[in-house]
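Chain A is the first sequence line, chain B the second, and so forth, proteins listed ahead of strands; every chain is numbered from 1. All figures in this text were calculated on a predicted structure; none of them were measured in a lab.
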Amino acid sequence: MFKYFRLILVCVLLLPGLASAAIEAYEFKDAQMEDDYNQLINELRCLVCQNQNLSGSDADLARDLRRQTHEMLMQGNNPDQVVEYMVARYGDFVLYRPQFQRNTLLLWIGPFFLALIALWLVIRKIRRQQELVKPDDSTMQRAKELLADPLPSDDLPSKKRDN
Amino acid sequence: MRFAIPLGLFVLMVGLLGFGLTLDPKKVPSPLIDKPAPAFSLSVLHQPELKLSQKDMLGQVWVMNVWASWCVSCRAEHAIITQLAKQNLTPVIGLNYKDQPNDAKAWLQQFGNPYLASIVDLDGRVGIDWGVYGVPETFIIGRDGLIKYKHIGPVTQESLDAEVIPMLKQLLG
C-alpha cells in the first residue's frame, strides 16, 4: 500500500503546475506594460469558464482575449481603454472588479450600509441594557443607606418584609 | 414574536436564492442590444474572393448564426436553423467561427446548408467584436443595422417559436 506512496505524493504535488494556463510568451515594450497586461488578464473574466479570469483559463476564448489585450496595449491603448473595449462587447460581467456606477452602487456601498445598520443595532441594544440597569434615585438612596449601615444583619428580615 | 424578524429575513433570503436558481448564469445579457452591428468584412466560405460586410445587409432584417464544425451543440441546433431558413422570412447568414474552411464545407455537405452564405472568421476577431463567447449564438439585426436580439447557445424549437419568429415578424411587420 505504502510502496508507491512517495510516487503518488510527488505526482499530486506536481498537479498545481498544470493549472497555470497562461503560457503565451508575449513581449512588452516596458515593465509597466507587462504589469498592466498581467493586471488586466487577472481582472477580466473568461466568459466560457465563468469564475475563472483570463490568466487562469485555458479556454480558446480566453487565449483570444489575452491576445487582444496584448495587442491593444502594444498599440498604445491604456488599461482603461482595454477594459472599455471588453465591457462594450461582453458587458459589465466581464469585470471581476465592477466599475463604480449607478447599477453597481448597491454592490459597492451595500456592505458598508449593512455594517452601519449592524453598528446602530448594537449601539441601541447596549444603550437599552444600560438603561435597564440604571437605578432610579430612590433605589440609589436605599442602596446607600444599606451600605452605610454597619450592622444590617439584625433588621434584614424585617426590612425584607417592608418591601 | 421574538423570531419574527429572523424568520422574515430567512424567508426573504430563501426566496431570493430560490429566484437565483431559476436564472442561468451562462446567459450574460449582451450590451450590444440596440447597438449598431459591429463592422466586419469577411470572405464568403464558398466564394473566398467575395467579401461580405455588415453594410451589405443594411436595409433588411437578417439573422446571423454563429456556428462551427467543431461545435457539438451546433449539430443539435442545425435542424432548427434549417427550419428557420426554410420559412424564408429573412436571410440567414452563418458566421463560421474559428473553423477550418474545409471542415466547415464538409460539415455543411453532411448536414445540409441552411445559410444564404457563411462568412469565415478564421481567428475569431469578428467573434470578439460581436461579443461571442458561447457558440452557437444567434443575432437578429434590424433594417436600421441595429442588433435587436441575441440568443446564446443552441436555438431550441421553443425559443424559435416563442422568441425568434415573433421578433422577426415584428421587425418585418
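- Atom CD of E27(A) sits in a sparse spot, with 12 or fewer heavy atoms from other residues, nucleotides or ligands closer than 6.0 Å.
- Interface residue A88(A): only backbone heavy atoms are found under 4.5 Å from chain B.
- By the neighbour-count criterion of 12 heavy atoms within 6.0 Å, atom CG of L106(A) is sparsely surrounded, having that number or fewer from other residues, nucleotides or ligands.
- D92(A) does not touch chain B: none of its heavy atoms, backbone or side chain, sits under 4.5 Å away.
- Between the CZ atom in R89(A) and the OH atom in Y133(B) there is a gap of 16.0 Å [rounded to 0.5 Å].
- With a 4.5 angstrom heavy-atom cutoff, V94(A) does not touch chain B via any of its atoms.
- The number of heavy-atom neighbours closer than 6.0 Å to CG of D137(A), taken from other residues, nucleotides and ligands shown, is 12 or below.
- No more than 12 heavy atoms of other residues, nucleotides or ligands lie within 6.0 Å of CE in M140(A), so this atom counts as exposed by the packing criterion.
- Within a 6.0 Å sphere centred on OH of Y96(A), heavy atoms belonging to other residues, nucleotides or ligands number more than 12.
- Interface residue L61(A): only side-chain heavy atoms are found under 4.5 Å from chain B.
- For K98(B), the part sitting under 4.5 Å from any heavy atom of chain A is the side chain, from C-beta outward, and nothing else.
- Remark: side-chain polar atoms of Y90(A) are not paired, donor with acceptor, to backbone N or O of S30(B) under 3.5 angstrom.
- Enclosure of atom CD1 in I5(B) is not indicated, since only 12 or fewer non-hydrogen atoms of other residues, nucleotides or ligands lie within 6.0 angstrom.
- Counting heavy-atom pairs under 4.5 Å between each of D123(B), L32(B), I128(B) and chain A puts I128(B) at the top.
- Side-chain contact of D129(B) with Y85(A): a donor-acceptor pair under 3.5 Å is present, judged by distance alone.
- No continuous path of ILVMFWY side-chain contacts below 4.5 Å connects V155(B) to V66(B), so the two sit in separate hydrophobic clusters.
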